[in-house]
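Atom set for the values below is all heavy atoms of this structure, side chains included, hydrogens, waters and symmetry mates excluded. This one's a predicted model, so the numbers in the text were calculated from it and none came from an experiment. Nothing fancy with the numbering, it's 1 onward along the sequence.
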Amino acid sequence: MKVAYVHNLPLEYYPPATNFLDILGLAKNTETRAFSTANRKGRKAYTNSQIRIERSRAPDPKAHELGRFLRAIAWHLRTALSLARFRPDAVVYVEPHSAIGAWIYFKLLRGNSRLFIHHHEYYELGDYLRPGMRLPQLGSRLESSYLLRRAEWVSQTNPERLRLARGNHPDVPAGTWRVLPNYPPATWAPAPEVREMPKGQKPQRLVYVGSASFADTYIKEIVRWVAAKPGVVELHICGYNVAGEVWEWLERERFANVSYDRAGFDYQNLPSLLRNFDVGLVLYKGNTTNFIYNVPNKVFEYLRCGLQVLYPRAMTGLGNFARQHAGAFRELDFSELQKVNPEQLEPRLDNRFNLTEFTAEAAFAPLLQKLSGEEEIHA
């Protein structure tokens, strides 16, 4: 079986993408080629000896608009031609960002591969009005007009996002839609079944891993709350996709009990970092539908490493999930943090996430079955 994985954005920005490629690389009788772009943030490039990865240089955000557009279109043309030469049995593409290349291959070059589509995010019409979203908007239109109806698999990361996507595309057969969650790999050794902080132990150790900005996250609110409690709470921030103004503010203020790593952390080594902490933070403000119904992969990474998860009330989707696993989560109003006593956060985590169902391997198993043509057993 020949599988093409089309992911316009750099692979190493998306752990679920590299987890899937790791799994595909181990699949028997499968030849996989991935098509992506090179990252511009100094991240170590993802490699896999079992997979051929074709990358192009990403458009320079500082270049002239026409130059950026031509480079971006060139990626789609190159990818479509590569697909025609490869002649895969199945094409898996991710996000509307990748859809133009898939459309050229299937519609103009008459590709006859089976089609599978996955979305990391949920986009509304207004989201495409942001800078840099012109081509993804076109990709979304090509999805709606052709690709979604051609696909035999279309997935979203959680049931709420899937419900919204299905409502936008009632003409797509119900059996096409799937939930494909973002779980860490089974190689991440499970945390102890119960993790309890000794009573009165100080300081409590908080960690935030991921993207951050003043506009979209409660990064300023949590930092100020921690900074006001030296010796009681500590915070470490780790991310390669943090707005420059956030780093500048942290460097200017130099809070004694707030540390940070601007380079981020290699995903495969993330457990060695996370197990130094007690509480993992999710800080999205919920100012878009995408954020409101997001259950980020960092949630499961925190839980897998034995951390309690602290999240804002605005994240409805995460709240719905958290209520099914109450011992593992705390919900807070991050706009009223001054009312929160640190002792409220002392974690006693009944970790229910060591089961095999909460691994990338289990999450991707239905997709692998579908790719191989095996019959699926539906619950």
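Looking at Asp278 and Gln308, their side chains never bring a donor and an acceptor atom within 3.5 Å of each other. With no hydrogens or angles considered, no side-chain donor-acceptor pair links Asn290 and Thr288 at under 3.5 Å. For the residue pair Asn168 and Tyr123, no side-chain donor N or O sits within less than 3.5 Å of a side-chain acceptor on the partner. Side-chain N/O atoms of Thr37 and Arg57 include no donor and acceptor closer than 3.5 Å. When only modelled atom types and interatomic distance are considered, Arg87 and Asn112 share no side-chain donor-acceptor pair under 3.5 Å. Using a 3.5 Å distance cut-off with no hydrogens or angles, the side chains of Tyr46 and Asn48 do pair a donor with an acceptor. For the residue pair Tyr14 and Glu95, no side-chain donor N or O sits within less than 3.5 Å of a side-chain acceptor on the partner.
For Ala363 against Pro181, the heavy-atom pair with the smallest separation is CB-O, 3.8 Å. Taking each heavy atom of Tyr267 and Pro15 in turn, the nearest pair found is CE1-CB, 3.4 Å. Of all the heavy atoms in Phe20 and Leu371, the pair that sits closest is CZ-CD1, 4.2 Å. Closest non-hydrogen pair, Ser140 versus Pro96, comes out as N-CB, 3.8 Å. Taking each heavy atom of Val226 and Asn257 in turn, the nearest pair found is O-ND2, 2.7 Å. Between Thr18 and Leu11, the shortest heavy-atom distance links the atoms CG2-O, 3.6 Å.
Tested against Glu12, the residues Arg43, Arg40, Lys41, Arg55 include a single salt bridge (charged side-chain N to carboxylate O under 4.0 Å, His left out) partner, Arg55. When each of Met133, His76, Glu121 is paired with His97, the side-chain contact (heavy atoms from CB on, under 4.5 Å) condition holds for Met133 and for no other.
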* Take Tyr5 and Phe35 through the test ring pair (Phe, Tyr, Trp, His ring centres under 6.0 Å) and record every step on the way to the result. => CA-CA 6 Å; Tyr5 187 71; Phe35 303 89; 9.7 Å; no

* Asked: Should Thr79 and Tyr105 be marked as a side-chain hydrogen bond (donor to acceptor under 3.5 Å, both in side chains) after you check the CA-CA gap, both sets of side-chain angles, and the distance that decides it?
  -> CA-CA 8 Å; Thr79 297; Tyr105 168 67; over 6 Å; no

* To do: Could you go through the ring pair (Phe, Tyr, Trp, His ring centres under 6.0 Å) check for Phe358 and Trp188 one step at a time?
  => CA-CA 11 Å; Phe358 290 99; Trp188 287 29; over 10 Å; no

* To do: Before giving the answer on side chain to side chain contact (heavy atoms under 4.5 Å, CB included), spell out for Thr157 and Val295 the whole-Å C-alpha distance, their side-chain angles and the decisive distance to 0.1 Å.
  => CA-CA 8 Å; Thr157 58; Val295 184; over 6 Å; no

* What do the steps show when you test Leu367 against Phe116 for side chain to side chain contact (heavy atoms under 4.5 Å, CB included), and what is the final call? -> CA-CA 9 Å; Leu367 176 54; Phe116 299 74; 3.6 Å; yes

* Test side chain to side chain contact (heavy atoms under 4.5 Å, CB included) applied to Trp103 and Ile100, step by step -> CA-CA 5 Å; Trp103 183 86; Ile100 298 174; 5.6 Å; no

* **Derivation and outcome, ring pair (Phe, Tyr, Trp, His ring centres under 6.0 Å), residues His120 and His7** => CA-CA 11 Å; His120 289 310; His7 197 292; 5.3 Å; yes

* Tell me, with the steps shown, if Val282 and Lys298 meet side chain to side chain contact (heavy atoms under 4.5 Å, CB included). => CA-CA 8 Å; Val282 182; Lys298 66 170 64 71; 4.2 Å; yes

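Atoms OH and CG, on Tyr208 and Leu310 in that order, are 12.5 Å from each other to the nearest 0.5 Å. Taken from CG in Leu235 to CD in Gln204, the straight-line distance is 12.5 Å, to the nearest 0.5 Å. Atom CG of Asn182 is separated from atom CG of Asn19 by 8.5 Å, given to the nearest 0.5 angstrom. For the atom pair OH of Tyr302 and CG of Leu270, the computed distance is 8.5 Å after rounding to the nearest 0.5 Å. Atom CG of residue Leu180 and atom OH of residue Tyr183 lie 9.5 Å apart, to the nearest 0.5 angstrom.
Residue-environment remark: CD (Glu251) exceeds the threshold of 12 foreign heavy atoms within 6.0 Å. Taking a 6.0 Å sphere around CZ of Phe214, one finds it holds more than 12 heavy atoms contributed by other residues, nucleotides or ligands. Atom CZ of Arg114 has more than 12 neighbouring heavy atoms from other residues, nucleotides or ligands inside a 6.0 Å radius. The 12-atom threshold is exceeded at CZ of Arg323, counting heavy atoms of other residues, nucleotides or ligands nearer than 6.0 Å. At most 12 non-hydrogen atoms from other residues, nucleotides or ligands lie less than 6.0 angstrom from CG of Leu125. In this structure, Lys2 places its NZ atom where more than 12 heavy-atom neighbours from other residues, nucleotides or ligands lie under 6.0 Å away. Sparse packing is recorded around CZ of Arg254, with 12 or fewer heavy atoms of other residues, nucleotides or ligands lying under 6.0 Å away.
Taking the charged nitrogens against the carboxylate oxygens, Glu65 and Arg68 have no contact shorter than 4.0 Å, which rules out a salt bridge. Taking 4.0 Å as the cut-off between side-chain N and carboxylate O, Glu143 and Arg141 do not count as a salt-bridged pair.
Leu77 and Leu9 sit in two unconnected hydrophobic clusters of ILVMFWY residues. Membership requires side-chain heavy atoms under 4.5 Å apart, directly or through other members. Under the 4.5 Å side-chain contact rule for hydrophobic residues, Leu283 and Trp249 share a cluster. Under the 4.5 Å side-chain heavy-atom criterion for Ile, Leu, Val, Met, Phe, Trp and Tyr, Ile73 and Phe106 are members of the same hydrophobic cluster.
Within the cation-pi definition used here (under 6.0 Å to the ring centroid, within 45° of the axis), Lys285 does not qualify as a partner of Phe334.
Residues Arg178 and Lys370 form a side-chain contact, since some pair of their non-hydrogen atoms from C-beta on lies under 4.5 Å apart. Here the side chains of Asn158 and Phe321 are not in contact, with every heavy-atom distance at 4.5 Å or above. Considering only heavy atoms from C-beta on, Leu318 stays 4.5 Å or farther from Asn294 through its side chain. Side-chain contact check for Val279 versus Arg205: every heavy-atom pair is 4.5 Å or farther apart. Side chains of Ser56 and Arg78 form a contact here, defined as non-hydrogen atoms less than 4.5 Å apart.
Annotation: Tyr122 is not in aromatic contact with Tyr293 [ring centroid separation under 6.0 Å not met]. For Tyr13 and Tyr240, the ring centers are positioned less than 6.0 Å apart.
For Leu250, the side-chain contact (heavy atoms from CB on, under 4.5 Å) test picks out Val223, Ile237, Val246, Trp247, Phe255, Val258, Tyr260, with sequence neighbours left out.
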